[in-house]
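Below you'll find the structure, written out as structure tokens, and then a few comments.
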Amino acid sequence: MMSETLFPEPTGTMGQAVPRYEARAKVTGGANYPSDVRLARTVHAYLHTSRIGRGTIRGFDLEAARAVPGVIDILTHETIGGQVRPVPAIYAGGYASDSVLPLGSAEIAHWGQPIALVLAETYEAAREAANRIGVSYEEHRALAVDLNSDQASPQELEPMALAVGDFAAAYDTAPVTIDAFYTTPAQHQNPMELFATQCVWEGDRLTVYEPSQYVNNVKFGLAEQLGIDADRIRVISTYVGGAFGAKGFLTQRTALVAVAARRLGRPVKLVATREQGFTVSGYRAESRHHVQLGADRDGQLTAMRHEGWELTSRADTVAMAGVSMTARLYACPNIAGRVNAVAADRSTPGFMRAPGEMPYAFALETALDELAYELDMDPIELRRVNDTQTEPVGGLPYTSRSLMRCFDEAAAAFGWGGRSPQPGSMRDGDWLVGWGCAGAFYPAYAGDSAARVRLSADGRVHVSSAGHELGQGMYTMMAQVAAEELGVPVDRVTVALGDTDLPPAIVAGGSASTASVAPAIMAACDAIRGRLGIEAGSDVLSALEASGIGTIEEFAESRAPGNPPDSIQRLYRGAASPNGGVHLADRVQFALGAQFVEVRVHARTREIRLPRAIGAFAAGRIINPRTAHGQLVGGMIWGIGSALHEHSEIDGRNASYINANLADYLLPVNADVIDVQAIMVPEEDRLVNSAGVKGVGEIGVVGVAAAISNAVFHATGRRLRDLPIRLEHIDA
């Protein structure tokens, strides 16, 4: 069971727990995902990808592939090289998820790189032909496959280093110290919906159907790749079947499908396989962490150092750099932090739910638990001693900070007072019982967005913005905000999103969608009231009737706090980025939480079970507790998977993924997750944005792995610092 109720009753400033706007469409099959769109005379595409880790293509043997009945064409760098123009990767201010040019040359940068695109009348013919393609390679044998490879190239990222006080001196004189290394593995999102693209040209205008977290990014990036005006491209993505970073930005496949469709004069459809999904998009890179903590006998931190190493590709320097956040969580006068990117012969990593926060929190929150045991101190009280309303790096105030409220509420619900602190002291028959806790955090981001709201005399409202529905409840939120602002029933509101013809919105990432789009909707509704000459809370429909106007429509833009004046212009070029967190000049803003778990480790077999988890989260105003609760619980379950199951296994011979499928890539199932509860701690914070929203999409996964690691130590007395934690590690 998840809990006694599917979601908690609204409290404080929470909105109503209205049902999902799109629920009926999804359960009845009415929701149209991009690959569901049926286009006349569709040509099916299939990728052929590199089978070496690094090198050069000497040549292709396409005879057997072309002989497959139904094959129309096969695209390689020899046939379309140069037709896709280079676009800088997002890490260099561009649109693409990586800088490897699609079918741009004979060079192979990593295993799984697309090197040919087969076009056929049926999917089956395209797949068979792709499997018949012969490729001769000149292979580079000396590969850097992971962080520990001799061939890897580490690079200290100076802009991501920080220092406050004198860490070395404070650490050397601290009465109690912790010095430990922690690692997290490569992991892949594996969304239920595969990576799909359909392209169709009508004259010189292109329509793209693609699951996307950022349709305007695809539009403008693709325009640069094809060398055409962005106004000639429309991208549609009304539903996305899972993403959390994997579908955040432009990938190599889109331009190839667009070129193929233009070349053939017919619609072209590509659905990448599950295995191909491991390399055609980003993933969570493996990381290594060195954490050093110094404290006095009362638990007050006197020194903290956190250095991280993150794997990246040779093509792009990517680092999530969670040190900028872990350094600001607890009071400490002497802090040092550093981030290193380690280049390897792998595809470029990217954003995966809480991309920097999850791995860096695992390291810090596990180290804090180690410190608590060294001090013989309750882990909650250690955090209470080091709680702060002012972040220690720049001395800036938190807009709001409810960390200890979260710990206290979660501890009470969990029954933490009944814990026996000695490792191995709690037992139930053959099962060793362990309890662990950890803090959770995620920066409160917001970005610029625009929205249009139309109110009709019959009491119907239509709201539109090019936001994105990934399953997080965007349709519902947009309808609910418009209904609340205009005082109409939510079932009288219709919503349009996921289309570049609509007012532009920010990327659905960084837990920033609601915090960005809700203020734009509120501003449009406020403009409607302004035109009618009424105040907030007045009867809008009566005012509309009295005005004699049949329909009134307003468009509004919302600039996020801290963004420069020209940021709205960038929004209209698909280049808007979330702002907030630790990047503001006068404050820091975080959503905060506390994770508590119980693990059971069999005394003989070392099997690990997790019967219950409770999290408490303070994330500003909750617009819909039903959808927010689903996000938090889903994040906690993902955290369980990250801690105990998920690991993208690397073949050291060629840097390929051994388990690039859902049979071998382990994920938690119902039997692994017994009772998961999320408590939403009421919090009012209007400094973060006009809606008071901090975002709940990613904080739920943060801290879970550390809580599990801490619970395993409590159960067994064995401290495990490497993820995932599996039974063979407990006695290793």
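Residue indices begin at 1 and follow the sequence shown.
With a 4.5 Å cut-off on side-chain heavy atoms, Ile133 and Val118 count as touching. Proximity of Leu667 to Val669: side-chain heavy atoms (C-beta onward) are nowhere separated by under 4.5 Å. Taking the side chain as every heavy atom from C-beta outward, Ile708 and Ile640 approach each other to under 4.5 Å. Side-chain contact between Val268 and Leu119 is present, with heavy atoms from C-beta onward closer than 4.5 Å. Contact check for Trp111 versus Ser50: no side-chain heavy atoms found under the 4.5 Å cut-off. Two residues are said to be in side-chain contact when any heavy atoms from C-beta on lie closer than 4.5 Å; Thr279 and Gln113 fail this criterion. With a 4.5 Å cut-off on side-chain heavy atoms, Leu47 and Leu270 count as touching. The shortest distance between side-chain heavy atoms of Pro724 and Pro185 falls below 4.5 Å.
Side chain of Arg346 to main chain of Val145: a donor-acceptor pair is present (N/O by atom type, distance under 3.5 Å, no hydrogens or angles). For Ser153 (side chain) and Ala343 (main-chain N/O), no donor-acceptor pair under 3.5 Å exists by modelled atom type. His77 contributes no side-chain N or O that, together with a main-chain N or O of Leu103, makes up a donor-acceptor pair within less than 3.5 Å. With Asn659 contributing its side chain and His647 its backbone, the two residues share a donor-acceptor pair below 3.5 Å. The backbone N or O of Ala144 lies less than 3.5 Å from a partner atom in the side chain of Asp345, making a donor-acceptor pair. Remark: side-chain polar atoms of Ser149 are not paired, donor with acceptor, to backbone N or O of Ala152 under 3.5 angstrom. Of the possible donor and acceptor atoms, one in the side chain of Thr500 sits under 3.5 Å from a partner among the backbone N and O of Val235. Under a 3.5 Å cut-off, the side chain of Asn217 and the backbone N or O of Gly221 do not form any donor-acceptor pair. Side-chain atoms of Asn131 come within 3.5 Å of backbone N or O of Arg127 as a donor-acceptor pair. At least one donor-acceptor pair closer than 3.5 Å links the side chain of Thr312 to the backbone N or O of Val318.
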_Quick one, Leu226 with Leu206, criterion side chain to side chain contact (heavy atoms under 4.5 Å, CB included). Give me CA distance, side-chain angles, the key distance, then yes/no._
CA-CA 11 Å; Leu226 301 180; Leu206 170 64; 3.9 Å; yes
*asked:* side chain to side chain contact (heavy atoms under 4.5 Å, CB included), that's the test. Do Ile623 and Val693 meet it? Break it down for me.
replied: CA-CA 8 Å; Ile623 289 179; Val693 170; 3.9 Å; yes
*Full working for side chain to side chain contact (heavy atoms under 4.5 Å, CB included) between Trp638 and Arg353*: CA-CA 9 Å; Trp638 197 335; Arg353 199 173 195 173; 3.2 Å; yes
*Evaluate the side-chain hydrogen bond (donor to acceptor under 3.5 Å, both in side chains) criterion for residues Arg288 and Asn148: first the C-alpha distance (whole Å), next the side-chain angles of each, then the deciding distance (0.1 Å), finally the verdict.*
CA-CA 10 Å; Arg288 182 169 66 244; Asn148 300 314; 3.1 Å; yes
*In sequence, state the C-alpha distance, the side-chain angles, and the governing distance for His629 and Phe617, and then conclude on side chain to side chain contact (heavy atoms under 4.5 Å, CB included).*
CA-CA 10 Å; His629 184 264; Phe617 308 92; over 6 Å; no
*Given the rule in the salt bridge (charged side-chain N to carboxylate O under 4.0 Å, His left out) test, do Arg726 and Glu646 qualify, once you have shown the distances and angles that lead to the verdict?*
CA-CA 10 Å; Arg726 293 176 179 165; Glu646 295 188 59; over 6 Å; no
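Residues Ser237 and Ser212 have side chains that never bring a donor and an acceptor to within less than 3.5 angstrom of each other. Ser347 and His110 are not linked by any side-chain donor-acceptor pair at a separation below 3.5 angstrom, with hydrogens and angles left out of the test. There is a side-chain donor-acceptor pair under 3.5 Å between Ser287 and His289. In the model, Glu365 has no side-chain atom that pairs as donor or acceptor with a side-chain atom of Tyr182 under 3.5 Å. A donor-acceptor contact closer than 3.5 angstrom is absent between the side chains of Asn216 and Arg573.
Aromatic rings from Tyr657 and His188 are positioned such that their centres are separated by under 6.0 Å. For Tyr123 and Tyr46, the distance between ring centers is under 6.0 angstrom.
Closest approach of Tyr214 to Val507, counting heavy atoms only: CD2-CB, 3.4 Å. In plain terms, the two heavy atoms of Met160 and Ala321 that are nearest each other are SD-CB, 3.4 Å. Residue Phe220 comes nearest to Gly574 through the heavy atom pair CD1-N, 3.7 Å, listed as atom of the first residue, atom of the second, then distance. Between Ala285 and Pro349, the closest heavy-atom pair is CB-CB, 3.6 Å. Of all heavy-atom pairs spanning Val673 and Pro668, the tightest one is CG2-CB, 4.2 Å. Across all non-hydrogen atoms, the minimal contact from Ala126 to Ala120 is N-CB, 3.6 Å.
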Only pairs under 3.5 Å count here: list side-chain donor-acceptor contacts from residues 243-257, not counting sequence neighbours, and write none if there are none.
from: Lys247; atom 1: NZ; to: Glu193; atom 2: O; distance (Å): 2.9
from: Lys247; atom 1: NZ; to: Glu193; atom 2: OE1; distance (Å): 3.0
from: Lys247; atom 1: NZ; to: Gly242; atom 2: O; distance (Å): 2.9
from: Thr251; atom 1: OG1; to: Arg253; atom 2: NH1; distance (Å): 2.7
from: Gln252; atom 1: NE2; to: Asp98; atom 2: OD1; distance (Å): 3.3
from: Arg253; atom 1: NE; to: Thr197; atom 2: OG1; distance (Å): 3.0
from: Arg253; atom 1: NH2; to: Ala196; atom 2: O; distance (Å): 3.4
from: Thr254; atom 1: OG1; to: Glu210; atom 2: OE1; distance (Å): 2.7
from: Thr254; atom 1: OG1; to: Glu210; atom 2: OE2; distance (Å): 3.2

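The line from CE of Met192 to CG of Asn190 is 11.5 Å long, rounded to the nearest 0.5 Å. One distance of note links CG of Asp448 with OH of Tyr572; it measures 9.5 Å at 0.5 Å rounding. In this structure, Ser642 OG and Phe362 CZ are separated by 11.0 Å, a value rounded to the nearest 0.5 Å. Residue Ser99 holds its OG atom at 10.0 Å from OH of Tyr91, rounded to the nearest 0.5 Å. We find the CE-CE distance between Met325 and Met320 to be 10.0 Å, quoted to the nearest 0.5 Å. The OH atom of Tyr209 sits 9.5 Å away from the CG atom of Asn32 when rounded to the nearest 0.5 Å.
Ring geometry, Tyr33 versus Tyr239: the interplanar angle falls from 30° to 60°, so the pair is classed tilted.
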